[in-house]
Amino acid sequence: MSETSQHPDLAAMRERLRASGGGREYWRSLDDLAATPGFRDLVEREFPRLAIGWSGDESPVEGRRNFLKLMGASLALGGLAACTRQPTEHIMPYVRQPEEMIPGRPLFYATATTLHGVASGVLVESHEGRPTKIEGNPEHPATLGACDAFSQASVLGLYDPDRMQAVAGEDDVKTWGDFAGSLREALAAQKLKGGAGLRILTETVTSPTLAAQLGEIARLYPRSKWHQWEPAGPHSARAAAQMAFGAPVNTYYDLSQANVIVSLDADFLAQGAASLRYARQFAARRRVQGGKTSMNRLYVAEPMPTPTGTKADHRFALRATDIEEFTWALAAALGVAKGPKTGDNGDIYKPVGAIARDLERNRGAGLVIAGDCQPPIVHALAHAMNARLGNVGKTVFYTDPIEASAVDQAASLAELARDLDAGAVDVLLILGGNPAFNAPVELGMRDRLKKAALRAHLSLYDNETSELCQWRLPEAHYLESWGDARAFDGTVTIQQPLIRPLYGGRSAYLVLQALTEDPDRGEYQIVKGYWAAQHKGADFEAWWRRAVHDGVAPDTSLPLQTVAVREDGIREPAPRRKLAGKLEILFRPDPGIHDGRFANNGWLQELPRPITKLTWDNAAIMSPQTAHRLGVFYEGLIAASQEVPMVELTYQGRTLRAPVFIQPGCVESSVTLHLGFGRTRAGRAGTGVGFNPYGLRTAGAPWQDLGLGAKKIAATYPIACTQDFHILDNERHAIHSGNLDEYLKNPRSVHEGAEAPPKELTLYPEWKYPGYAWGMAIDLNACTGCGACVMACQAENNIAVVGKDQVRRGRAMHWLRVDSYYQGEPNLPGGIYNQPVPCMHCEDAPCELVCPVQATNHSAEGLNDMVYNRCVGTRYCSNNCPYKVRRFNFYQFADTETASLKLLHNPDVTVRARGVMEKCTYCVQRINAAKIDAEKADRKVADGEIQTACQATCPAEAIIFGNVNDPQSRVSKMKAEQSNYGLLADLNTRPRTTYLATLRNPNPEVED
Amino acid sequence: MPQLFHPRTNAFARITLFGAIAAVAFAGWAIDALNRSSYNTRELQAREQPVPFSHAHHVGALGLDCRYCHTTVETSGFANLPPTKTCMNCHSQIWLTSPTLEPVRASFRTGTSINWTRVYDLPDFVYFNHSIHVNKGIGCESCHGRVDKMPLTWQAGSLQMSWCLDCHRQPEKFLRPRENITTMGYQPAGDQMEMGRRLRAEYNIQETRVLTSCSTCHR
C-alpha cells in the first residue's frame, strides 16, 4: 500500500467525524474514525486475516480441497491423540511436615518488591513452597492491598529460565568460593592503600541494612567510593528539593484531602513509589455513589496521554519543554513568582487564570504535583505554590530523604567515569543495574567500564554489563532472599525469602558482607543483626517477628519535617526556547518494561501498554498532525497489516531509526521514545526487541529536549498493537459519560442515545437463581487504565504468553483487556476513556447456544462456565460473542516443558492445551474456595469475601465483585446507581458485568 | 451389452454396506467399552508401592482412624499422605528391624520422601475437594471402598464423570451422619433415602443444579 497517495488528510477525517454523529461520538482509533475497510473487517470478524481463500488450489495450504484434506487429517489425528491413558503419578509427602503447612492450602507471606530501591509491600501466595501470585499488602502504606503490574509480573521473573544460573569468572564456570578468593586477594592490596582503588556501583539504595554495610566498608576502606546510578529515578525531585529547601527532602501527598489537583506532567496515578496509594485516594474522591454528589477536579498538563491524563477534567496537551512556562505562568497567577502572565503561546496562558482561581478557592485542599520528568525548577515552583496555598501539612508532606544517600546520581556516575579514565579503579563491584546499557550515552560506559582492573557484576541476568565484567554473579531474586527497604514515607519492610535460591544466587547483602571484617555472616543474621542493634527497649524477638509477619516494621516511617521555601532558590524564568523547525524529543520509562530491567519478562512485554496498546516494541510516538507533516501519516495500516512507516531520528548528531506510532492526544511536534528496548543481551524474550533510545540520551537532557530532527525512511516495520483487535460494534454505545453537573440534574443523561430493550424480548429461557448470583460492576470513573488487572489475571489464571507474531494476528490470550476510546477530534481528542472488558457472563449468553459439544454452559449461579476438557475448538462461541472476550489456543501456547515455569502455575486453574477456547471465569477457583470455606462453617459467603484477581489488585478499587442476589452487597449497590449500564445492552444479552459511566467535573471558567 | 456384474454381486454390495455400518457401530461400542473398562480406568487394580503398606492391617486389624494419617482431609482439598514422621511414631518402637520397612527408615534417616504411587488420580482438569465432602456427610468408604479390607490399596470406583455425577445428582443416596464419616462397613439404621433427605436439609447441601454445574469441578 503506498503511503501518501491514499491517505486522506486530517481535515477530511474531521469532516467525517462531524457528519457521522450519533453513536460515532467515541472512536477507537484513526482507522475506526476513517472507517477503513481493514477496520470494518475487524469489526465484523475476529480474525479476518486468517480466512483461507477458497480458490487458490495451487497454494499448499489454501484452497478448498487442501482445506478439506487438512481438516480430515487433523480430525483423525486429533481424535487419536486425544486417547491417552492417565499416566502414573507419584506423591512425595514430607519427611517431617512443617507445622503451619497444610498441603492443598496456600500460605501467604509478607514481603516487598522494590523499584528504584523503594518498597511496595506485598503478600505472596505460596503453594507448597512455590510462590505463585503476588497480592498487595493491605497493611502497607504504599500499596493498601493493591498491586502494580511490575509486582504482579515479578513471579515470572523469579522462575525465568534465562536468569543467570552460575557464577562465571574469566569465561568459565566458577563457584562463589572462587570469587571470594579472587576478591580477598584484591582487597588485601586495597587494604594497604585505604581502598583508593575500590568502587562500588549500586542502584538507588533505601535499605537501612545495606546502607549500614556500605558505611562499614567506607570505614574499613576510607578512600573507597560508593556510586549510585538509576536511569529512571526521581532525580529531578531531589535536585528541586535542594533548590527550594536547600536540603534533599522527600515529598509525598495526601490526595484524599485534595479538591483540586494540578498535575504538571506527573503521571502520579500510575507511576512512582506511592502511585497505588494515590490512585486509591484519588478514586475515593471521584466516586459519585451512595448519595455522594461531589468530585475532585484534576487538571493535567502533559505531552503524551498517560493514565493520569485520561482521568483529567481538563487536559492540556503541552510540550514537555513548555510545561516550565506553564508552571511559571501558574506561579505568577498565584503571586508566587515574578513571571510573565501572558505570552505569545496562548495555549499555555489561556487556562492559567481559571486554574489559579480554583486553587485559591480551595486553599489547603488543593495540590500541585510536578512530574519526575520535569526539571527541578518546575518542582521548586510546585513546592512554592503548595506552600503559598496552605497545602503543606494538609495535602503535601515533607520528610527526610528515604534514600540512604540522596546524591546527584548523574554526577556520581560521571565521577566514576572520570576515575575509570584516570586508571584509578582497581576493583569495581557493580551490584545490580545495567550501566553499560542505560548510562548517559556521552559517558561511553561500555568502553570505560573495561578500564577497571577487576570487575564483578551481581545481576539477575547475564546482561550488557555482565558481558564486560570478568566476574558474573547470579543475584538472588527478592523472593529468594532476606532484605529490607523503605517505602515512599520511610516505612521499612523486612523482605523474607519464600523459596531457596533456584540458581544459587546471592543477594547484595551477602556480597557486600564479604568486604567487611565478618565476611561469613549469613544473610538472615546480617539483616536481623542490623535491626537488633537499632532496637531500643526489651523483647526484640517479638518486634522482629511482628515486623516480618506484618510486612511493616512498626514506627519506621520518617517523621514529618517543616521546611520553608528559600526565595533565592527560585530565580527568573529562563527565556523560552523555540522549536525552530525541529521537534521535541521525550524519553520516558516504558509502562511495561520500565527502564529495561523487565525486558525479559514476557508478561510485561506482552502487556498492552496503557492507551497506546503497543506490545513487544517501542516506537516514535507522535500526534497525527506531526506524522502528517513528516509524511509518515498512516491510516488503515494498523488494522490491515500492522505495518507502519519508519523514521530516522537525529538528535545531537546521533541517530536512531524507529517505527512511527500515531497517538491521538500527543502534543504537536513532540516525539516520545520509551526506554528499555533494544536490549542486546537480555534473554530469549527481551533481546533485540524494539529500539534503544538510550543511544540518544545524555545526562544534560535525561527526559526532554528540543532539536530533534526526523525524516521518513523507505522502510516499514511490523508492530503489534492490540488497539484494533477485539473491536465492539462501533455503531453502538460502548462508553457512557457525562458531566457531573448534568448528571446530578438528570442522571439518565449519561445514557443518552443508548437503547435498553425490555428483557422479556428474548427467546432464551429465563434462569432462576435461588442461591448466589455472581456479578461484577466496574466503575469507569475510577479506572485509570493502568493495566495492573491484566497482569493480575495473567498470573492468577495461568494465561500464556504468545509472542509478538501471534499478537500481531490478534491472538493475545489476555482474558481481560482494557479498551481505550477517544472522543472528539483526532488530533487532540476531548477525552480519553478506559474500559476494562472481562467476560460479561451474560444472562442470555450468545456463546452458550452455539457450542456443539456443550463445552460452555450456564452455571446455577449465573456464571458462563467454560469446560476446557469438552472443548473441541470449533470457535463458534467466539464467533458469536459480541464482546469478543473469548480466546483460542491456536497453538500450544502454555509452556508445560520448561521445568522452572511449571512451578509458576496456579495449581487451582487448569493449564490449557492447544485447540481449546478459554475466557474469563470470574476467578471461579476463588469463588469455589470461598464457598467451600463458608459451607464448612455453615454460613453464607460474606460480601467482599471473594475478590477476583483483577479486583484485588486494582489500586482504584474500580472493580467490585459479589452476589447480586443480595441487595446489600457492594456490587448490588453499585448496579443500583443511575450511572450503571450494560455494555451493548441493546443486544439484550443482559451482561452480569456492568459499568458505571465516566463522569467529568470540568471547571466552567476554563474555556475549551 | 453383457452384464458386467453377476447377480451375486448384489449380495456382496449389501454385505459390504451393512457390514460397514456394523463395523463402525462395533468400533464405537468397542472404544466405549475400552474407555469404561478397568484397563483404562484402573479400577480394582492394586498398585505397586515402595512399601507394601496394608490398610487392611492398619485400619481393619488395628482400627486406626483414617484421620490419624490423613490429617488434612477435613481442612484441605487434598487429603495428605502422612509424612514419614507419622509412620515413625510407631515404627520407631515396633517392627524395628523389618526389612519391609527399610524404605521408611531410610527416608527418615536421609530426609528424602518416600515415592508413593498415586492410586486415586483424577485428571488435571478436575478439582476435587476432600474437605467439603467429608464435612457434608460423604463417608470415606463411599469413594474409597472397604479400605479396611485392602492389603494393597486399589481404586474402588471408575473415577469417571458418570460415577461422580451419580452422587452429585442425588447425594441423598450416599449421605451419612458426620459421626460415621470414617466408619468402614457402615449400614444405615433406617431407610437411606429418608435419612439422606433429612441430612441433606440439615447439612445445607446445595441444590442439585449447583452440584452439577460444570464449574463446581472444572475450572
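Each chain gets a letter, A, B and so on, in the order the sequences are listed, and its residues count up from 1.
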*Name the member of A/Thr921, A/Asp908, A/Val911 that forms the most heavy-atom pairs with chain B at distances under 4.5 Å.*
A/Asp908
*Out of A/Leu863, A/Asn869, A/Val867, which one racks up the most heavy-atom pairs below 4.5 Å with chain B?*
A/Asn869
*Side chain, backbone, both or neither: which part of B/Arg178 has an atom under 4.5 Å from a heavy atom of chain A?*
side chain
*Side chains of B/Tyr203 and A/Glu935: closer than 4.5 Å at any heavy-atom pair?*
no
_Does any part of the side chain of A/Val909, heavy atoms only, come nearer than 4.5 Å to the side chain of B/Arg219, both counted from C-beta?_
no
*B/His130, B/Met88, B/Arg209, B/Glu207: which one forms the most heavy-atom pairs within less than 4.5 Å of chain A?*
B/Arg209
*asked:* Between A/Glu861 and B/Ser213, is there a side-chain heavy-atom distance shorter than 4.5 Å?
replied: no
*Can the positive tip of A/Arg105 be found less than 6.0 Å from the middle of the six-membered ring of B/Phe78, inside 45° of the ring normal?*
no
*asked:* Taking the side chain as everything from C-beta on, heavy atoms only, tell me whether A/Lys936 gets closer than 4.5 Å to B/Ile132.
replied: yes
*So do B/Arg47 and A/Thr88 actually touch side chain to side chain, heavy atoms under 4.5 Å?*
yes
*Is it the backbone or the side chain of B/Leu159 that comes under 4.5 Å from a heavy atom of chain A, or both, or neither?*
neither
*Sub-4.5 Å side-chain heavy-atom contact between B/Trp116 and A/Pro93*: yes
*asked:* Side chains of A/Met101 and B/Asn80, heavy atoms from C-beta outward: is any pair under 4.5 Å?
replied: no
*For residues B/Pro83 and A/Val95, determine if any side-chain heavy atom of one lies less than 4.5 Å from a side-chain heavy atom of the other.*
no
_For chain B, which candidate among A/Glu918, A/Lys931, A/Gln854, A/Met866 shows the most heavy-atom pairs at distances under 4.5 Å?_
A/Lys931
_Main chain of A/Gln925, side chain of B/Tyr127: is a donor-acceptor contact present, judged purely on distance under 3.5 Å?_
no
*Under 4.5 Å from a heavy atom of chain A, the part of B/Glu74 involved*: backbone
*Polar side-chain atom of B/Ser76 near backbone of A/Pro103 as donor-acceptor pair, under 3.5 Å*: yes
*Just by distance, do the side chain of A/Asn857 and the backbone of B/Cys214 share a donor-acceptor pair under 3.5 Å?*
no
